[in-house]
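Note that the structure is predicted; figures quoted are calculated from it, not measured.
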Amino acid sequence: MTEDWEAATEEERLRALPFIFATFKLFENAWFQRQQGTLGDEQWQGWDATFAPIFIAQASRPGGAVRHPAFASGFRSEHLEGKRNRSRR
């Protein structure tokens, strides 16, 4: 597979999408655990530092995967949109 999404073939993109979606859902689950207080600060900071930049980049693309209704609106707006807005300052 290629690291450049724009240069990827349609077949490469179709193969990658399930992995991307599963990763996003895993991060969403960690976010829910953090909201409930079951995920500690140190664990959350690792998740956040690793995955938030990926989500911010995806959200800025037209039709970004994190805008998909399969993800909780609170996860999309409170965490990801807030991060993206702070990164632009």
Q: Side-chain atoms of residues 16-23: list all donor-acceptor pairs with protein atoms under 3.5 Å, sequence neighbours left out, distances to 0.1 Å.
A:
| unit_1 | atom_1 | unit_2 | atom_2 | d |
| --- | --- | --- | --- | --- |
| T23 | OG1 | F19 | O | 2.8 |

Q: Once the angle between the rings of F27 and W44 is folded into 0 to 90°, is it parallel (under 30°), tilted (30 to 60°) or perpendicular (over 60°)?
A: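 Parallel: the ring planes of F27 and W44 meet at under 30°.
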
Q: Quick one, D41 and R34 - any side-chain contact, counting heavy atoms below 4.5 Å?
A: yes

Q: Residues two or more places apart in sequence or in another chain: which of them pass side chain to side chain contact (heavy atoms under 4.5 Å, CB included) with T38?
A: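 Once residues adjacent in sequence are excluded, the partners of T38 under the side chain to side chain contact (heavy atoms under 4.5 Å, CB included) criterion are Q33, Q36.
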
Q: Would you mind listing every salt bridge (Lys or Arg N to Asp or Glu O under 4.0 Å) that reaches into residues 16-33, with sequence neighbours excluded?
A: K25-E28

Q: Return the set of residues passing side chain to side chain donor-acceptor pair (under 3.5 Å) with Q43 (not counting sequence neighbours), or none when no residue passes.
A: none

Q: Go through the structure and list residues passing side chain to side chain donor-acceptor pair (under 3.5 Å) with E11, not counting sequence neighbours.
A: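 Here the qualifying residues are R15.
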
Q: Less than 4.5 Å apart, side chain to side chain, heavy atoms only: is that true for L39 and W47?
A: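 Of all side-chain heavy-atom pairs linking W47 with L39, at least one is under 4.5 Å.
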
Q: Quick check for you: to the nearest 0.5 Å, what is the distance between F75 atom CZ and F32 atom CZ?
A: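 Separation between the atoms: 8.5 Å.
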
